[in-house]
Amino acid sequence: MEFYAVNGKKRPIRLCDATRRFAYESLNRKYGLDTLEHRAVDLDGVEGYESMTMLERYDVAIETIVREARIRICENEKLSGAATFGAAIRHGVPARYQGQTICMSISHLTVDFETVLKKGIHHIRKNAEQSLEAHRGTDREPFLKSCLKCLDAFDVWHGRYLDALRDRPEYRANYENLKNVPHKPATNFYEAVQSLWFTFAFLRLCGNWPGIGRIDYLLGDYLKKDLADGRLTLDEAREILAHFFIKGCEWINGKYIGSGDAQHYQNILLCGVDEDGNEVTNEVTYLVLDILEELGISDFPTSVRVNRNTDETLLRRVAEVMRYGGGVLAVYNEELVIDALLRDGYELREARKFANDGCWEVQIPGKTFFTYYPFDSLRLLQQKTLRAYDGTVDFADFESLYRNYIAEIRGEVERIFQSQQKYFEKIGDSPKDWKWVEQIPCTVVSLFEEGCIEKGASYQEGGPVYNLKSPHIGGLADTVNSLYAVKKLVYEEKKLSLRELCEILKKDWEGEEQLRQSVLNRYSYYGNDNDEIDAIAARLLSDFADICVSFNDKCGYRFPAGVSTFGRQIEWAPHRGATPYGRRAGEVLAANCSPTPGTDTNGATAIIRSYCKADLTKLASGAALDIRLLPSSVEGEDGLQALVGLMRGFVLLGGFFMQPDVADAAVLREAQERPEDYRTLSVRVSGWNARFVTLNKEWQDMVIAQNEHV
Amino acid sequence: MHKMNMYNRDNRLRVTEIQRFCMHDGPGIRTTVFLKGCPLRCAWCHNPETQKATAELLFEERRCIGCGACREACAYGVHGGIDRHEIDRQKCRACGACADVCPTHALTLCGKEMSLEEILAEIERDRAFYGENGGVTLSGGEPFLQGRAAIELLRLCRQRGVHTAVETCGYFDEQLLADAVSVTDLFLWDVKDTDGERHRRYTGVSNERILQNLSRADAFGAKIRLRCILVAGVNTDAEHYRRIASLANSLSHLDGVDLIPYHAYGGSKATLLGLADNGRRDWIPTEEQIAEAREMIGR
């Protein structure tokens, strides 16, 4: 039972054999393959289905799901509950009518698990009942009734697990533990973990992909109390918590090749301050790190909130776990993120609660509707400002070109804003008098989002306290490199005119290899700590953020700016022409805030410096930097100190989010050749991790290219 | 003997490369400044481009696209060849005109003279990453071959609160010692061989001065890490290990002993200078040899 490590080192063993076997089997697809065998419930026999509203259909679906879901109790498992429908793995509500999945499910949110743990499901039901009374006779009634139906469904499913466990003496502990939670407040650590897992599993059973959020914040006090009372040892607690992580692997199946099978947005955040400003880091933090280190589970992409005062012991521990590879740990610069949220209008106590959306965009968990709208800034530059090189445009100087480009960015953001208007009805004269039009029913997640029950509005109807629609700029490095090359070639060195350059680009650099090589090699591009080009990046991001902010609250939601490509640089590639900085048309280029592969030659510190020169507090949605490191470069005490130094520097310089991945291009190429030997090798793709062998060839090549140049 | 301290100007250094984010040239994250010129000629040298004290042209053939820009730029007729780029190094004055126009960096001029201010500005760039451990490392070549200026650079780094380390072969003017020790937080001190005769044969110089400087540096209170290269069949014998152990014991401010097993990839760098690849696979020590050395040296 070996758990793969990129650096070839043996992972330490702290968990018992049974737990390790459970992990091994889960990672090797035992439950994921089983889940695929039962994809969804069938609603064909439901009477009057055709005449039902979407919401009524959804309610019937949820009722059927909890009744028909297979109950899965794994050997030796400490936690009960399993999301056993295959359609959920494909981001759908696992219910079909005439062969079609009835609707998509919800992701990109971290729900309010705190209320479940501390007050229980009963509390949520009471709220829903009260709200229904308050909204009787209004158009909010159907939604609130749906809430109660979904809570009933929750009870049915919970009851079925109790029934299944009751008469099995070997699961006595599970039964006793599940009896009170999640309905009542958890009273100890074991109950708390079960409560968290069962609620999470219910959400997933119904197709949704929520993030977990701040697990050490949620569970720390329960463990502290149990340890103090002598109820539990740290080793026992680690076993319990390990089962949470292992059960979270129940969807791994290796079947869906594409952007990877390990991305169900079940993100976790560790460390950082609570709403009063006290550091949260506790025993649970270290247990999570132990578990990630031992089992290498990458399915819960975990991030650590780091600040200037973060303990050296903690950072070293984080670095130790990072070195095994798999991209299991990423880092937020806590102070900067909080500053960004304050700047975007949040109260300090709220801002301090931040978690992420199941990817890396930040949000206040359990209170936030979030969605984002990506666009390719490079394509915009080529198609609009440079009219795809048709030779019709010219600018007197670089400044005019840049201003034209910013106007195009404004146009794009405006288009995104306008595209959202169809989801709103105007109900009054003030600019704020808009009513949300529900897109798809989503009562199950709405139960766990503050504001929904109170307002009687679902997650997608403006129910949550905060509603975010975030424009994301993509292709940052490529755009900045292009602008810089034009500035140098055309306006400073005057080697050729813009029209001449466009002509060359239109021909995809054909017959101009010397110039192309010269442009590619002789300028120092984004990611090399060159102040001149980094200033362009900083300016572009600042201008983009200002444009987004100008749309804030014009229509009942905020419009925070973010930077991302996730993996879109692949799908964008065919639509991109040759770049002024020497790349040919159709190449897969830069990811997120990272430099274009092959253009950075000064190492990780220079990349971080380039990225941090922008004022990232203006990007309240987030701006991720991927850093690739070779296993050999982070070996030994030197390597450990280097990783700690990178994190410290990243915080001091004002980074936002950094995803370091320790991987070796040569090993990845081997895995491409012999996937069967590398089934559990994980890589950081973007906000998520993926088992490398479940990426398709294009994605694999992209990850290899990013690692090639480190 | 080499002329020591060949630079009169105290405020400039001839640099082959400034490498950031170095993790194995001392503690923490470091910026390593490689200086040009070395009094030793180790047969296994990994950085042959740092041996000569003056600037040199490097040529990386695989990057050459045969565009001929160098030929046009060169005033001395250095670049020729028809199917293949050939360089007449006898004619080269290392003026760098070809490197300035080469579109792919196949040609580069190694050994740029930089002012201390320029070097410091580069070092400052990564200050946020140094923390308490990291900092700057002078390497080479032999940093103290550029004596006063190297010491002045270290002094300025120290003054700015940047931790200083020097990777030295130990073969330098003893008059520099007191000052060198006063500005260096950590010496990474190469002891290539403890056998005098072998040292002369494989490095071109006696080790007497090196060992003398080492013990004097220790007397001045220098913190020293010994770095001992292991070259199979050359210095992988028990007697050498015993002498290293006793040398280590003799130092009162020893920071530790690093064993550096020889690897063959330094060889390819020689080809950049138009020299034969000096890499030798039979010099790579086996795991057993490394373990034995570690065991006997006992640190």
Side-chain angles (χ1 to χ4, degrees), chain A residues 308 310 312 315-316 319 323 333 495 512-524 528-531 534 582 600-610 612-613 627 629-655 710, chain B residues 17-32 60 62-73 99-108 121-137 162-163 165 186 188 225 227 255-256 258-260 263 265:
Chain A
R308 273 161 215 259
T310 299
E312 186 77 7
L315 277 191
R316 286 179 64 91
R323 292 200 293 191
N333 176 8
K495 284 195 175 151
E512 293 288 347
E513 189 57 10
Q514 190 179 333
L515 180 65
R516 189 180 82 90
Q517 288 292 342
S518 173
V519 168
L520 207 48
N521 293 302
R522 304 203 63 90
Y523 298 138
S524 166
N528 288 302
D529 195 7
N530 167 5
D531 294 338
D534 296 341
D600 56 308
T601 54
N602 291 346
T605 55
I607 297 175
I608 294 173
R609 291 245 324 162
S610 278
C612 289
K613 283 177 206 168
I627 291 282
L629 299 164
L630 282 172
S632 58
S633 71
V634 292
E635 240 173 57
E637 173 61 24
D638 292 348
L640 201 66
Q641 286 184 15
L643 274 171
V644 170
L646 276 188
M647 291 188 270
R648 289 254 187 245
F650 167 80
V651 168
L652 282 176
L653 293 171
V710 297
Chain B
E17 198 186 355
I18 298 180
Q19 210 176 315
R20 295 164 64 178
F21 193 46
C22 294
M23 289 150 274
H24 304 297
D25 297 331
I29 292 177
R30 309 193 75 82
T31 297
T32 303
E60 194 176 355
R62 69 178 180 91
R63 303 189 81 133
C64 178
I65 56 168
C67 67
C70 48
R71 219 170 302 176
E72 281 172 38
D100 284 345
V101 297
C102 176
T104 61
H105 294 312
L107 290 162
T108 48
E122 276 301 299
I123 292 168
E124 282 287 351
R125 286 191 170 264
D126 274 352
R127 181 185 277 275
F129 299 98
Y130 297 152
E132 282 167 23
N133 301 321
V136 67
T137 301
V162 176
H163 178 275
L186 176 67
L188 305 165
R225 248 188 124 71
R227 299 206 134 182
D255 184 62
D258 291 330
L259 294 180
I260 320 272
H263 60 74
Y265 15 93

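Here is the naming used below: chain letters follow the sequence lines, and residue numbers restart at 1 for every chain.
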Tell me which of these, [options], has more heavy-atom pairs under 4.5 Å with chain A than the rest.
options: Cys102(B), Gly68(B), Gly131(B), Gly26(B); answer: Cys102(B)
options: Thr31(B), Asp100(B), Val101(B); answer: Asp100(B)
options: Arg63(B), Glu132(B), Gln19(B), His24(B); answer: His24(B)

Dump the intermediate steps for side-chain contact (heavy atoms from CB on, under 4.5 Å) on Asn602(A) and Arg609(A), then the final yes or no. CA-CA 11 Å; Asn602(A) 291 346; Arg609(A) 291 245 324 162; over 6 Å; no
Shorter than 4.5 Å, heavy atoms on both sides: which option in Leu653(A), Leu652(A), Leu515(A), Leu646(A) has the most such pairs with chain B?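 Max contact count across the listed options: Leu646(A).
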Top contributor to chain B interface from Ala606(A), Gly603(A), Gly639(A) [non-hydrogen pairs under 4.5 Å]: Ala606(A)
Please step through side-chain contact (heavy atoms from CB on, under 4.5 Å) for the pair Ile123(B) and Tyr130(B), ending with a clear verdict. CA-CA 10 Å; Ile123(B) 292 168; Tyr130(B) 297 152; 3.7 Å; yes
Below 4.5 Å from any heavy atom of chain B, which atoms of Glu637(A) appear? Answer side chain, backbone, both or neither. neither
Under 4.5 Å from any heavy atom of chain B - which part of Ser632(A):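 Backbone of Ser632(A) only, per the 4.5 Å heavy-atom cut-off to chain B.
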Part of Arg127(B) within contact of chain A (heavy atom distance under 4.5 Å): neither
Please tell me whether Ser610(A) and Asp534(A) have a donor and an acceptor in their side chains that are separated by less than 3.5 angstrom. yes
Do NZ/NE/NH1/NH2 and the carboxylate oxygens of Asp531(A) and Arg125(B) come within less than 4.0 Å? yes
When rounded to the nearest 0.5 angstrom, what is the spacing between CG in Asn521(A) and OG1 in Thr601(A)? 9.5 Å
Could you please spell out the steps behind the side-chain contact (heavy atoms from CB on, under 4.5 Å) verdict for Arg30(B) and His163(B)? CA-CA 9 Å; Arg30(B) 309 193 75 82; His163(B) 178 275; 2.8 Å; yes
